Q: 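Below: one structure in structure tokens.
Predicted model, so just to flag it, every value in this text is computed and none were measured. Naming convention: chains lettered A, B, ... in sequence-line order (proteins, then strands); numbering from 1 in each chain. The basis for the numbers below is simple: all heavy atoms, side chains too, and nothing from hydrogens, waters or symmetry mates.
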Amino acid sequence: MLGAEPVPANPPVPAPAAEPAPAVAAETVTAAEAAPEAPAVRFADFGLSSDILSALTAQGYVHPTPIQAQAIPVVLQGRDVMGAAQTGTGKTAGFSLPIIQLLLAHANSSMSPARHPVRALILTPTRELAVQVAENVAAYCKFTPLRSCVVFGGMDMKPQTITLRGGVEIVIATPGRLLDHVEQKNISLGQVQMLVMDEADRMLDMGFLPDLQRIINLLPKVRQNLMFSATFSPEIKKLANSFLKEPVLIEVARSNATAERVTQVVYKVAEEHKRDVVAHILRQRELKQVIVFSNTKIGASRLARSLEQEGMKATAIHGDKTQQERMAALESFKKGEIDVLVATDVAARGLDISDLPCVINYDLPYNAEDYVHRIGRTGRAGASGDAISIFSDKDERLLVDIEKLIKQTVKRGELVGFTPSFSRGERGDERHGERRSSSGPRRPEAEARGGRPPERGERPDRGERPAYGRSSGPAPRREKVDPWFLKPYEPTKSTLPAPTASMPSSTKPKQKVAALLGGLRKL
DNA sequence: AAAAAAC
């Protein structure tokens, strides 16, 4: 689409005053939106069908979120949209409500043998997100004659095949499985009028570009495209440029920003103590409904297992689990049967687990943007939240990257009786030993062992703690102590620097939008 | 350096 000229969003209706604007939002919204007297918009104002409104009423929704207030009228006009919004902003309803409305308003354009040809296609990067979007869409379609279904990998093809062959207007899918169904002629995409690419940045990260390209080649040339992304990388701009036609840009809150009400703290801990530190924090704060993020699948499984061994209700979710296990884990976490969900970044984005009081990073993410996504699981919908991260020496640089990205310094929690610079490297062993015996707290259990590290299965103190995880071969030289001398965690909200304070003007949201527009024009 | 996604 050469010459695509994006148009800045100019919402016909002011943003609802009910949603308190974050401190920095004044930078991103127009004067009209920021006006304190702006009347609250209602879903009923959009001219949506009564069947849709009934579904919204049934769910207790009256007022749209800012992104819904902006996106719904624009999508109803049939425009392409480039949306910058993270999950938790009401994005899903923002695109699915007007899509449903358009499908209802326009009769089937074909004499397709299936009386219900696929007319709207929603693509998501992860299976769980697909399920979640599908649940929302189904709820909004409840009182309409429209049919929807979700297809994704890891599950038996058959039930999906039967549903697809029965005819559905709206399909929510992960790309790989969708193409599988296309090849097996279970679905035809020749009647698709609307395409949604949800979490487009994530899809690119995951290498879905070729699949996206293949899918788009199967669609009619004339169609409406909606693309949502949390970030504005050059790749995303390129994607927007090639797939969108004169897109309206909708931006809600700034990307790369940490949630306003999230209190962040980091603890520096020796690598081998991280597991005990997590257990300690969980127990000390009697935390329930916490997601603990691990960088690796193995790490997530091990951590979940050792937390279980400590008597906590914990379970892991990651890509090596079967789809059934993944869904069961999520389900029991949402139902409250599980207190701690130990997850890889499969859960960092998209999952709508609302009102989490706390998120813990067992590892700092390698990708600084994932930090924002992870801690975005808490402090949502006006609630406050805590984001606790632990990291070791070797990950110091990751913290630097993160702080650079979020443009604030994260508060360092203090470890009492713990030498923060403790390292096992070089002459660290002797130095560490000396230092601890002279200035550190006494460790009766270690002394009783003659200083040797605890064996597997050995309970170092009063039998309350289990051993470290399985480790074969000679016992590694680890010093097991300090977590029990962690200073009790104290919330430190008031001492956190205001997010705006150090934000250079060059990265202010408005200019970022301008940069995007410029980038799009050029391409 | 790792995660996710089709079989």
Q: When you measure from the side-chain N and O atoms of A:Thr174 to the phosphate of B:dA6, is any distance below 4.0 Å, counting only OP1 and OP2?
A: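 Answer is yes, contact under 4.0 Å.
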Q: In whole angstrom, give the distance that lies between atom CG of A:Asp211 and atom P of B:dA4.
A: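 Distance, rounded to whole Å: 17 Å.
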Q: From CG of A:Asp345 over to P of B:dA1, roughly how many Å is that when rounded to an integer?
A: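 The answer, rounded to whole Å, is 16 Å.
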Q: I want to check one thing: is the phosphate of B:dA1, taken as OP1 and OP2, less than 4.0 Å away from some side-chain N or O of A:Thr296?
A: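 Indeed not, no polar side-chain atom of A:Thr296 lies that close.
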Q: Just wondering, are more than 12 heavy atoms of other shown residues or ligands nearer than 6.0 Å to NZ in A:Lys394?
A: yes
Q: Base, sugar-phosphate, or nothing for A:Gly154, non-hydrogen atoms under 4.0 angstrom?
A: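 If one applies the 4.0 Å heavy-atom cut-off, A:Gly154 turns out to touch the sugar-phosphate alone, with no base involved.
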Q: List the residues meeting side chain to side chain donor-acceptor pair (under 3.5 Å) with A:Glu286, not counting sequence neighbours, and say none if there are none.
A: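 Result, side chain to side chain donor-acceptor pair (under 3.5 Å) vs A:Glu286: none returned.
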Q: Verify the contact: side-chain N or O of A:Arg202 to OP1 or OP2 of B:dA4, cut-off strictly under 4.0 Å; return yes or no.
A: no
Q: Does either side chain, that of A:Glu135 or that of A:Tyr140, offer a donor lying less than 3.5 Å from an acceptor on the other one?
A: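 Looking only at side-chain atoms, A:Tyr140 and A:Glu135 do not form any donor-acceptor pair under 3.5 Å.
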Q: Between P on B:dA1 and CG on A:Asp401, what's the gap in Å once rounded to a whole number?
A: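 Atom-to-atom, A:Asp401 to B:dA1, this comes out as 14 Å.
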Q: Without decimals, in angstroms, what is the distance between A:Asp370 CG and B:dA3 P?
A: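 Result: 12 Å.
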Q: Find the distance A:His318:NE2 to B:dA2:P and express it as a whole number of Å.
A: 15 Å
Q: Hey, does the side chain of A:Arg326 come within less than 4.0 Å of B:dA5's phosphate (OP1/OP2), counting only N and O?
A: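 Yes, such a contact exists.
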Q: Of all residues at least two apart in sequence or in a different chain, which pass the side chain to side chain contact (heavy atoms under 4.5 Å, CB included) check with A:Thr315?
A: A:Ala329, A:Ile338, A:Leu341
Q: Rounding to an integer number of Å, can you tell me how far A:Lys394 NZ sits from B:dA2 C1'?
A: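 About 12 Å, once rounded to whole Å.
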Q: Rounded to whole Å, please give me the gap between NZ in A:Lys297 and C1' in B:dA1.
A: 13 Å
Q: Would you kindly give the CZ-to-P distance between A:Phe208 and B:dA3, to the nearest whole Å?
A: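 Rounded to whole Å, this separation is 16 Å.
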